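A quick write-up on the structure given underneath.
Chain A is the first sequence line, chain B the second, and so forth, proteins listed ahead of strands; every chain is numbered from 1. Predicted model, so just to flag it, every value in this text is computed and none were measured.
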There are 2 protein chains.
Amino acid sequence: MAQKPSIPKGTRDFGQQEMAERNYIFDTIRSVFRTYGYRQIETPAMENLSTLLGKYGDEGDKLLFRILNSGDAFAGIDPDRPVVPQICEKGLRYDLTVPFARFVVQHQNEISFPFKRFQIQPVWRADRPQKGRYREFYQCDVDVVGSRSQINELELVQIVDRVFSLLDVRVLIKVNNRKVLTGFAEICGFPERVVDITVAIDKLDKIGLEKVEEEMMDKGLSAEAVAVLRPILLLSGSTEEKLSTMRGLMNGGSASGIVSETGLRGLDELEELFGLIAAAGIAQGVEIDLSLARGLNYYTGAIFEVKALDFPIGSICGGGRYDNLTGIFGLPDLSGVGISFGADRIYDVLKGLGKFPADLATGTRLLFAVMGAEELRYVLPLARTLRERGVSVEVWPDAGKLKKQFDYAARKNIPFISINGTDEIAAGTVNVKNLITGEQKAFPAADPDALLAFLA
Amino acid sequence: MAQKPSIPKGTRDFGQQEMAERNYIFDTIRSVFRTYGYRQIETPAMENLSTLLGKYGDEGDKLLFRILNSGDAFAGIDPDRPVVPQICEKGLRYDLTVPFARFVVQHQNEISFPFKRFQIQPVWRADRPQKGRYREFYQCDVDVVGSRSQINELELVQIVDRVFSLLDVRVLIKVNNRKVLTGFAEICGFPERVVDITVAIDKLDKIGLEKVEEEMMDKGLSAEAVAVLRPILLLSGSTEEKLSTMRGLMNGGSASGIVSETGLRGLDELEELFGLIAAAGIAQGVEIDLSLARGLNYYTGAIFEVKALDFPIGSICGGGRYDNLTGIFGLPDLSGVGISFGADRIYDVLKGLGKFPADLATGTRLLFAVMGAEELRYVLPLARTLRERGVSVEVWPDAGKLKKQFDYAARKNIPFISINGTDEIAAGTVNVKNLITGEQKAFPAADPDALLAFLA
């Protein structure tokens, strides 16, 4: 094989440096999930096509990677042996939500509700690969099902707050509520037009009030409806003021006089959530954003999105409450709420802002240079002791030129090197040099405590 | 959908308890790998079929899961639209070795050799599912390429030793050498019969010397050849004695008088490795086992296998040295050595021996029971502080009957519960009960140190 091997379009190798950085993100997120009582599950990469099909719309069905049933060794090789379509019964996981719903229904009798789970696994989509869009990428989802309490929404906000505080990234957490959007559509007399109204609110900043109102009328909303929506488009003030204005409108105080029970319930939820946030305290910013339109076809309550404040990139985190995730698998009325962390975007933010800790680059702390067999055997017991005390140590495997060994330490950012000869062996010491400061010291080989302190 | 959903044959869901146990194994292995300077990589689940095909023999090619190219939404649905075989260009990873070889060749210019990597990812095989054999399972591989030194073999032995010491599992590490096996075949005058000779050695314990010699003759070895091999079959004594006896035979001292240079080099390697092991010191047992026949077609030096001493199961770890892993991708003469940990079998051993730490079962340390909105808001800041101090805390989301909350704590093995009312709020304290000992204490809500100590 003359040609250099390659990997499929849209997939990636993660080398050692990138893995260390990605693990730093995942470990941080995982540690926060755990302190909130969320625990990990994993589901298989392959699901039955019957589990996956019809869950992501027609477009999603097309983007599923299908797996040939086993048993036909010639498929893909021998052009005279066509593959019959019936032998395709499995597909690769397209997201973590549908497998989670399947898991909850399948294992409902073993689960204690409320069920708090997180899941960090790759998913696959046959999307056209392009910058920032991959055919294999990790999702990182945290969900609780079996409780309608706003405490769950609070905890997700707290988790986001804590994760990004630990990652040293300033964020704005935006909150919307599907019931409030429904309320707007109801009080303006066009209850089916939730999406159009949300899109209009979203465009306000870009094109201004006049153009937004024109667009709504182009889409068939009446002038009266647009008049009802104007105070919502002009909504301003603190969260309390916004909630109070919306409550007045929803409670019959709009130009239509219509009362929206659904909208009022949405406002109750938002009010409770912001009250809980105030009671618990958070470190980063959180605000109501009525333009959030994520998942309008399945979210039924809270809608979340998180933006990095200091780096231009789309939402790095998002989610919401759903009331019927598991209905499609035969378990109706199980309410849940969840958030997904966008690992690739969070990686780009940390990289762009230079927020990865410097010592991630350092795998190995100390390299024992080796000049010959006797020196090698002399350092082996100490190397073992240091490793058992948790220090990452390498022993140069091929005795030879010191320059090569120093080069290796430099390329791998190894900060300490130890070079020993007959003098050290006679004295029972080891010589260790800090390659960054140049400081060099001798330590007793039999007692590693002082050396451990020097390496720390 | 009336039927309960299911997952494909041979795949598994991992629930929260099992994930905690599996993570305990993987975290232990990972932590040891790191102290030896090994660092993680990941490769895509899908590889090009051209990368995978022909690497695992005809049988392996049949067991590859093939992935349909995207773009045909009807594949597997519409029986009138046959799938043409040419649209299959990708397959799921069958092991971690071939993707690692592909990675090394593809990224050779970015890699510092010796390259020490580990990789923990699932692989897929279209094997017939049966007890203990899955179609999706994790492999956990550690390899170093670009060094022929026996220090690498030593480190792998030390890693195995340390991992199983930390997991509290007694093991026997068995070592063989492919060159020594070649030497036996050479000195008995049948240099092509390495496999037959190794199989014969392996059968010695089961069927005895006489039957083994009969079988070898049935397979076409001469009586003279069998006479040469007899002292090897009868080999006994300490490692030093065995090495010395074999050296004599390999050096012209056998009945044939043939000298095997290859065999002598194999004995040099074994002698050096056991010398290094003695110098470094290990906690568990290690011995030469000439019957190890793992990977005879590609291992070229050391061969390793690890057996659990106190639990009846096949090898839980295995590997060896190879001299041409990357040759098939166009990078010849890169020697390496590696070991693979069998995660599923190690799991069965720990489960069978009851070696999982008891506190893995406990996700959450403390449950704040909640009776009403005021009590809830009172405990939220303390819950946040405890979480930021690393304690896993849950707050009951739906105020209601205490019995339900106690049941939840019991089902989830939560050891501490806190119940507070107007008295505690007035006093600024929280009441915490140890559900195992029954001990109950009050702590100041504003200063969590005493509470943290009680929870520890």
Side-chain angles (χ1 to χ4, degrees), chain A residues 1 5 7-8 11 13-16 19 34-35 37 39-44 46 48-49 51 61-62 65-68 70 73 75-76 79 82-83 85 88 90 102-103 105-106 112 114 126 136 147 149 151-152 279-281 329-330 363-364 377 380-381 384 387 392 394-395 397-398 411-412, chain B residues 1 5 7-8 11 13-16 19 34-35 37 39-44 46 48-49 51 61-62 65-68 70 73 75-76 79 82-83 85 88 90 102-103 105-106 112 114 126 136 147 149 151-152 279-281 329-330 363-364 377 380-381 384 387 392 394-395 397-398 411-412:
Chain A
M1 189 180 291
I7 51 177
T11 69
D13 283 328
F14 296 117
Q16 297 184 323
M19 272 306 292
R34 290 210 179 103
T35 61
R39 297 185 73 200
Q40 194 169 8
I41 69 162
E42 284 190 359
T43 62
M46 310 174 181
N48 292 320
L49 276 179
T51 298
D61 282 354
K62 282 187 204 154
F65 276 113
R66 290 168 167 75
I67 299 166
L68 285 189
S70 54
V83 179
C88 231
K90 294 182 284 292
R102 193 265 311 143
F103 180 99
V105 177
Q106 191 174 332
S112 300
E136 173 181 71
S147 164
S149 163
I151 295 177
N152 302 296
F329 295 118
T364 300
R377 282 165 200 238
L380 283 176
R384 179 186 173 202
R387 285 158 168 162
S392 179
E394 288 190 60
V395 178
D398 304 284
R411 276 199 313 278
K412 287 192 71 172
Chain B
M1 188 179 291
I7 52 178
T11 69
D13 283 327
F14 295 117
Q16 297 184 322
M19 273 306 291
R34 290 208 179 104
T35 62
R39 298 184 74 200
Q40 193 169 9
I41 69 163
E42 284 191 359
T43 61
M46 309 175 182
N48 293 320
L49 275 180
T51 298
D61 282 354
K62 281 187 206 155
F65 276 113
R66 292 169 164 76
I67 298 165
L68 284 189
S70 53
V83 179
C88 232
K90 292 183 287 289
R102 194 264 312 143
F103 180 99
V105 177
Q106 191 175 332
S112 302
E136 173 181 71
S147 164
S149 163
I151 295 178
N152 302 296
F329 295 118
T364 301
R377 283 164 200 237
L380 283 176
R384 179 186 173 201
R387 285 158 168 163
S392 179
E394 289 189 59
V395 178
D398 303 283
R411 275 199 314 277
K412 286 192 71 173

List the atom of Ala279(A), the atom of Pro381(B), and the distance in Å for their closest heavy-atom pair. O-CG, 3.2 Å

For Ser392(B), which residues count as a side chain to side chain contact (heavy atoms under 4.5 Å, CB included) partner, sequence neighbours excluded? Thr364(B)

At a heavy-atom distance under 4.5 Å, which candidate from Ala280(B), Pro44(B), Gly281(B), Gly37(B) has the highest pair count against chain A? Pro44(B)

Are Arg387(B) and Thr35(A) linked by a side-chain donor-acceptor pair shorter than 3.5 Å? no

Most heavy-atom pairs under 4.5 angstrom with chain B, which of Arg34(A), Arg384(A), Arg377(A)? Arg384(A)

In terms of heavy-atom contacts, Phe14(B) and Phe103(A) come closest through O-CE1, 4.4 Å

Does the side chain of Leu68(B) come within less than 4.5 Å of Leu68(A)'s, by heavy atoms? yes

Measure the spacing between CD1 of Ile41(A) and CD of Gln16(B) and express it to the nearest 0.5 Å. 7.0 Å

Are Lys90(A) and Phe65(B) packed together at the side-chain level, in the sense that at least one heavy-atom pair is separated by less than 4.5 angstrom? yes

With only heavy atoms counted, which part of Glu136(A) is less than 4.5 Å from chain B, the side chain, the backbone, both or neither? side chain

With a 4.5 angstrom heavy-atom cut-off, is it the side chain or the backbone of Ile151(A) that approaches chain B, or both, or neither? side chain

Does any backbone or side-chain atom of Asn48(A) lie under 4.5 Å from a heavy atom of chain B? Answer side chain, backbone, both or neither. both

Tell me, with the steps shown, if Asp398(A) and Ser147(B) meet side-chain hydrogen bond (donor to acceptor under 3.5 Å, both in side chains). CA-CA 7 Å; Asp398(A) 304 284; Ser147(B) 164; 2.9 Å; yes

Residue list, salt bridge (charged side-chain N to carboxylate O under 4.0 Å, His left out) with Asp13(B), at least two apart or on another chain: Arg102(A)

